[in-house]
There are 2 protein chains.
Amino acid sequence: MSYTYEYPRPALTVDCAVFGIADSSLELLLIERAEPPFAGHWALPGGFVNIDEEIEDAARRELEEETGMRNVFLEQLFTFGGVGRDPRGRVVSVAYYALAKPSDHQLAAATDAARAAWFPLDDLPPLAFDHDSIIDTAVTRLRGKVRYAPIGFELLPRKFTLTQLQGLYETILGTELDKRNFRKKIRSMELLVDTGEIEKDVPRRPARLYRFDRTRYRKLARQGFAFEL
Amino acid sequence: MSYTYEYPRPALTVDCAVFGIADSSLELLLIERAEPPFAGHWALPGGFVNIDEEIEDAARRELEEETGMRNVFLEQLFTFGGVGRDPRGRVVSVAYYALAKPSDHQLAAATDAARAAWFPLDDLPPLAFDHDSIIDTAVTRLRGKVRYAPIGFELLPRKFTLTQLQGLYETILGTELDKRNFRKKIRSMELLVDTGEIEKDVPRRPARLYRFDRTRYRKLARQGFAFEL
DNA sequence: CCAAAAGTGTTCACGGTACACCCATGC
DNA sequence: GCATGGGTGTACCGTGAACACTTTTGG
């Protein structure tokens, strides 16, 4: 290597804000830290980026190591680098947000995490580092993006009812939506496929199950179609 | 400091994609690198983050050092960390995008930059590192954000005509807009103040000069008002 | 037959879009 | 008086919002 610069370098970490929906409550996945600093505190899953590892790979690796989750929707959120944010010294963290279906994943804490658990977003425990402000940023991003990108589906099972989908938007956006208008709007986008199946074992009239047609969305998006609410 | 981790660390840099409007062309500010790697190539202004320096401060410092620009609108864009993106080894860069009025700033290259100059976005020279992909990301962000946040004003003089404003949107979005509809829309937002002044020294009927009312915007925004194109 | 949620259409108001001409100024 | 851009209003259409009852199923 012919060029080298030798200044002190910040350490580089990743942190993941993983959202899930359970019983029409928006939840966040946290781990209990097993090691200092902040041992015993709850925190976002995350950790150090290896020197030859892509940043997003590090985020996925840490998430799997500390919680057992894999194959989730994951996007870069923001990079937090406040000089005082970590008592170990200068640590810059590239934060990601992720969307997952809690029921699809068996939580399994390991490495630096003593436990992993879901918490309702409106009832979080005290958090390590500046993780509360990472979460604020993530929630804002989620609420904004869910309205103009079809990412809500990442939080539902592959087959879902229109009522589930509407409930999801109501939960995330914190508003109530009109049932008929919601269905009209969603159906007019022609992004859902009626699977022909219906709910089973419900003590009421079973609803039709739909799935999101990703292929069709990509095709439409290329033609300038814009998903909206 | 009681906790220390000693793994090899990536180096941390910042890069700035600075946009400006000149003669209804969207331009980007580049510097010619004076030092290897990529000496003699054009690149985004940027450089290493000091160990006790906020990341955004580093971006502003590097921008001023290399181009002489200061006091610009600056926002974090994305963090680029591809393993092979820098021949010196692992270098992670927090990219920012900035908006400026070229006429307000006297360019003054220094430190690592041999020259600084504006280039039309559709005619950029070959660039160092992965700066072309940083620019792609920045342009996409600019085109998206300009429609739902009042950031376009950062590219205009404090007092401007409605035609200038319309031209700015046309330049950024790459579309033509209808003059009457544009004026109706903008006026209905009540975010512009008629300064009572008019253009001077133009060989035609002089236009009224307006300015953007930032205070009013913030007040409206707090009440749930959403700026939109 | 009762409870619970599924499913379905119409009306109205507003905002987006399309569109063409006269006006003020400098040269 | 001519060239240049400044400035203005109306009609139509499509989309978002409000709103209530019948149907299907399980218990």
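Proteins come first, then strands; the chains are lettered A, B, ... in the order of their sequence lines, and each starts at number 1. These numbers come from a predicted model, not from an experiment.
In this structure, CD of Q164(A) is placed 13 Å from P of dA5(C), rounded to the nearest angstrom. Computed from coordinates, the I186(A) CD1 to dG7(C) P distance equals 14 Å when rounded to whole Å.
In this structure Q76(A) satisfies the side-chain hydrogen bond (donor to acceptor under 3.5 Å, both in side chains) test with no other residue, sequence neighbours excluded. Taking the side chain to side chain contact (heavy atoms under 4.5 Å, CB included) definition, one finds that A117(A) meets it with W42(A), F119(A), sequence neighbours left out.
Residue R70(B) qualifies as open at atom CZ: its count of foreign heavy atoms under 6.0 Å is 12 or below.
Near DNA chain C, meaning a heavy atom under 4.0 Å from it, residues 199-207 of chain B has V202(B), P203(B), R204(B), R205(B), P206(B) in order of number.
If you check every strand for non-hydrogen atoms under 4.0 Å, R183(A) touches a base.
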Can you give me every donor-acceptor pair (side chain of residues 182-189 of chain B, partner residue at least two apart or in another chain, under 3.5 Å) with its distance?
| from | atom 1 | to | atom 2 | distance (Å) |
| --- | --- | --- | --- | --- |
| R183(B) | NH2 | T163(B) | OG1 | 3.2 |
| K185(B) | NZ | E228(B) | O | 3.4 |
| K185(B) | NZ | L229(B) | O | 3.2 |
| S188(B) | OG | K185(B) | O | 2.7 |

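With hydrogens and angles left out, the side-chain atoms of E75(A) and Y96(A) include no donor and acceptor closer than 3.5 Å. With hydrogens and angles left out, the side-chain atoms of T171(B) and S24(B) include no donor and acceptor closer than 3.5 Å.
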- Task: Check the pair F227(B) / F225(B) against ring pair (Phe, Tyr, Trp, His ring centres under 6.0 Å), numbers first and verdict last.
- Result: CA-CA 7 Å; F227(B) 179 93; F225(B) 165 83; 7.2 Å; no
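One finds no salt bridge joining R208(B) and E199(B) here, because no Lys/Arg side-chain nitrogen approaches an Asp/Glu carboxylate oxygen to under 4.0 Å. The pair E197(A)-R158(A) does not meet the salt-bridge criterion, since no charged nitrogen lies less than 4.0 angstrom from a carboxylate oxygen.
Scanning DNA chain D 5' to 3' for nucleotides with an atom closer than 4.0 angstrom to a non-hydrogen atom of chain A gives a first and last hit of dG16(D) to dG26(D).
Note on T163(A): every side-chain N or O is 4.0 Å or more away from OP1 and OP2 of dA5(C).
Between F38(A) and H41(A), the ring planes lie perpendicular to each other; the angle is over 60°, past the 30° to 60° tilted range.
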Protein N or O to nucleotides 14-18 of chain C N or O, pairs below 3.5 Å:
| from | atom 1 | to | atom 2 | distance (Å) |
| --- | --- | --- | --- | --- |
| dT17(C) | O4 | K184(B) | NZ | 2.9 |
| dA18(C) | N7 | N181(B) | ND2 | 2.9 |
| dA18(C) | N6 | N181(B) | OD1 | 3.0 |

